[in-house]
4 protein chains.
Amino acid sequence: MLGVAAEVFAAHGYNATTVRRIADEAGLLAGSLYYHFDSKESMLDEILSAFINELWAGYDAVLAAGLGPRETVEALVTESFREIDRHRAAVAIYQKESGQLAGRPRFGYLDDSRRRFEQLWVGTLERGVADGVFRADLDIRLAYRFLRDTVWVAASWYRPDGPHGPEEIARQFLSMVLDGIAVSTGGTSQPRPR
Amino acid sequence: MLGVAAEVFAAHGYNATTVRRIADEAGLLAGSLYYHFDSKESMLDEILSAFINELWAGYDAVLAAGLGPRETVEALVTESFREIDRHRAAVAIYQKESGQLAGRPRFGYLDDSRRRFEQLWVGTLERGVADGVFRADLDIRLAYRFLRDTVWVAASWYRPDGPHGPEEIARQFLSMVLDGIAVSTGGTSQPRPR
Amino acid sequence: MLGVAAEVFAAHGYNATTVRRIADEAGLLAGSLYYHFDSKESMLDEILSAFINELWAGYDAVLAAGLGPRETVEALVTESFREIDRHRAAVAIYQKESGQLAGRPRFGYLDDSRRRFEQLWVGTLERGVADGVFRADLDIRLAYRFLRDTVWVAASWYRPDGPHGPEEIARQFLSMVLDGIAVSTGGTSQPRPR
Amino acid sequence: MLGVAAEVFAAHGYNATTVRRIADEAGLLAGSLYYHFDSKESMLDEILSAFINELWAGYDAVLAAGLGPRETVEALVTESFREIDRHRAAVAIYQKESGQLAGRPRFGYLDDSRRRFEQLWVGTLERGVADGVFRADLDIRLAYRFLRDTVWVAASWYRPDGPHGPEEIARQFLSMVLDGIAVSTGGTSQPRPR
DNA sequence: CATGAATGAGTGTTCATTCAT
DNA sequence: GATGAATGAACACTCATTCAT
């Protein structure tokens, strides 16, 4: 039933979704939802917190592996696409609503998560620059935003039953992010047929 | 007055913005807005169509220049950041609401724009691959989505009075997109120790 | 279980009391109450009718004793405080809700009781005036209302485990009602030490 | 419009009164009420606070007169009946709802008023006992409750267009409260022709 | 006897919109 | 051009009640 609600929230936005609509979709009357949930907001809460918890379980596993910066980025991005695969609706909701939700005490964990997320990514990028695996001439904060948005916005078009699984999308995505879409012009490298 | 409305829509979302709020911010009463506009929806319409029109004026100028694929991408991205600079609120609204608006006759121009936009980008990318300036091993549609989202999502954090102007952001952004964030391992192509 | 319901009705009002609240207090679920009672209203009905029946059993016993008017008033007041002691919750409910209940067929016995009550008191007062034991210069209907309200309103503050039992409260109360709170100034009468 | 609301609240109770009912009675639609009031609760608030304020204005005038205890009681009772005459509905609401309202921060002034009221009456009674104008053998707190309830409960039956004005009712009432309803049996006092 | 789930009518409230002044 | 008052449809939510298990 939370799944139904998540789909409708993702498709139409939290505010624009009426409780009747969710109930319809779930095959019961509006009032009946309140046997299962305290409020419309509590549905949103459960959807988002379940997602955030799973997300960090995945991220923490990555961190525990103690990889180098580049491998950490790869693992985090791959994990992110796996989360999009599993919680597509929740991610889409988070993308759309987190702005309005920020600062509301009940959703304080969203702010906390955002802060940890930023520290994690900025830290990893800085480590990569220090280690010489990431370019030193980039604005770290800009690169962070670039990565962050780029990964999560995928939830708006990702279809779990599409041709590519999350790992494949992550691979392609990482290829673009790490090496760029342009053919490397460096010397004689990368002779490409075609 | 449209500017006021655009700011409020961008900040709180179209649905969550009440007509009273806009009126308050504009210094008059809710009813008085209806002397100037037919409806709340018509405000949204004017805001979005003004933005879409200016956007395509810029893009058409780029196209008229007849540049190569890489230079076209650079010019389109730069133009996009200029539009974000000038129509930040409208872009933010577009990002948030275009999903709900799609398919509504009144906002048909949004669908048209999206279609043209896709053709433009996909065409340019394909031309670049054919010309050997973009990597041939990438999924074109994935790359398109990647570029599209990545550019526009910037409207959600861009501040016109921030440290970087639109051109500077475009430059940094293009650097990441074209060449990647990883240090190029030049020489013979990308052998990576790991 | 009726006792539980009566307490909750008395404490929060009939309308403001939810069936769930009563069930909670009784240690079962809301739906389960309906095995024992037809409806929320029928609980109210049983509570009030049990009280009214006991009240009139007491009053009828007083009447059967064939006392003089002053002694009748004393006995009725004492009996009333005994009822408050035994049915505090029911009396409080009656005080609060009888207004809304008046005229509803199901609670017709409340109207009947009120009528008999009025006849009894007004009759006793009139008899007392005729006999010269009650002052002739008072408005009988005003005195009736005064006595009536004054007795029953005690249910709102009476605590069965308080310092005074019902008989003691009745005695004090009768002393005020019959002789007043002022020190009698009449001529040489009632010289009171202290 | 507050008057309309007050009448309906008084007649049916605050909880049982629907906002639609008030609107009907006022000749407009339910939603329209919200142009004039923030909420149903704020109507109750305005009604009660207006009454409480006027009540204390009256009481304070009495206190400022610096009367003796008996005259103070007479003046307070008379003033109270005048308030019932002017704010009958508000008094009835207060009587019925103050129990549920107690402790709610918004209605804290009710608690304050109740406290001042109690101090005022208990103080006056004690002064009267000390001065020898009130009987020394009565429980002061009981007498206080007796007076308090007895005065205010009159709001439940008082009709502004009835045969007696507030001053006349106060006079009769004071006669009962001060001297009792019984014929004084002391010696030769109060010979009554009849 | 009790539960868990559902119902449906009703509640207070919001809000885009209208319109006489 | 703007105001103040009103509208009416919709909304989230409540609650007495029902009923299969």
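Sequence lines set the chain letters: A, B, ... in the order given, protein chains first and strands last, and positions in each chain run from 1.
Aromatic ring pairs are classed by plane angle as parallel below 30°, tilted from 30° to 60° and perpendicular above 60°; the pair D:Trp152 and D:Phe117 is tilted.
DNA chain E lies under 4.0 Å from no heavy atom of any residue of residues 99-107 of chain D. Residues from residues 3-31 of chain B that place a heavy atom under 4.0 Å from any atom of DNA chain F, listed by number: B:Leu28, B:Leu29, B:Gly31. Looking at residues 34-50 of chain B, you'll see B:Tyr34, B:Ser39, B:Lys40 sit with a heavy atom under 4.0 Å from some atom of DNA chain E.
Of all heavy-atom pairs spanning D:Val4 and D:Ile22, the tightest one is CG1-O, 3.9 Å. For the pair C:Ala90 and C:Phe51, the tightest heavy-atom approach, listed with the atom from each and the gap, is CB-CB, 3.6 Å. Of all the heavy atoms in C:Trp56 and C:Ser113, the pair that sits closest is NE1-OG, 2.9 Å. In terms of heavy-atom proximity, A:Gly13 sits nearest to A:Lys96 at N-NZ, 4.0 Å.
At distances below 3.5 Å, not a single donor-acceptor pair connects side-chain atoms of A:Ser32 with backbone N or O atoms of A:Leu28. Looking at C:Ser42, its side chain never comes within 3.5 Å of a backbone N or O of C:Asp45 through a donor-acceptor pair.
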Residue pair A:Leu48, A:Tyr109: steps toward the side chain to side chain contact (heavy atoms under 4.5 Å, CB included) verdict: CA-CA 9 Å; A:Leu48 290 179; A:Tyr109 58 88; 3.6 Å; yes
Stepwise side chain to side chain contact (heavy atoms under 4.5 Å, CB included) check, B:Asp111 with B:Arg115: CA-CA 6 Å; B:Asp111 295 309; B:Arg115 256 190 302 276; 4.1 Å; yes
Steps toward side chain to side chain contact (heavy atoms under 4.5 Å, CB included) verdict (A:Glu97, A:Phe107): CA-CA 11 Å; A:Glu97 315 294 346; A:Phe107 294 94; over 6 Å; no
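D:Arg21 and D:Asp24 are not joined by a salt bridge, as no carboxylate oxygen comes within less than 4.0 angstrom of a charged side-chain nitrogen. Ion pairing between a basic and an acidic side chain is recognised when a charged N comes within 4.0 Å of a carboxylate O; B:Glu41 and B:Arg104 show such pairing. We find that B:Arg88 and B:Glu83 are not joined by a salt bridge, their nearest charged nitrogen and carboxylate oxygen being 4.0 Å or further apart.
A nucleotide of DNA chain E counts as in contact with chain C when one of its atoms lies under 4.0 Å from a heavy atom; the first and last such, 5' to 3', are E:dC1 to E:dG4.
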Secondary-structure string, 5' to 3', Watson-Crick or G-U under 3.5 Å, | for another-strand partners, for DNA chain E: .||||||||||||||||||||
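Scored by the ring-ring contact (aromatic ring centres under 6.0 Å, His included) test, B:Tyr14 finds B:Phe9 as partners (sequence neighbours excluded).
Heavy-atom contacts from other residues, nucleotides or ligands closer than 6.0 Å to CZ of B:Arg20 number 12 or fewer.
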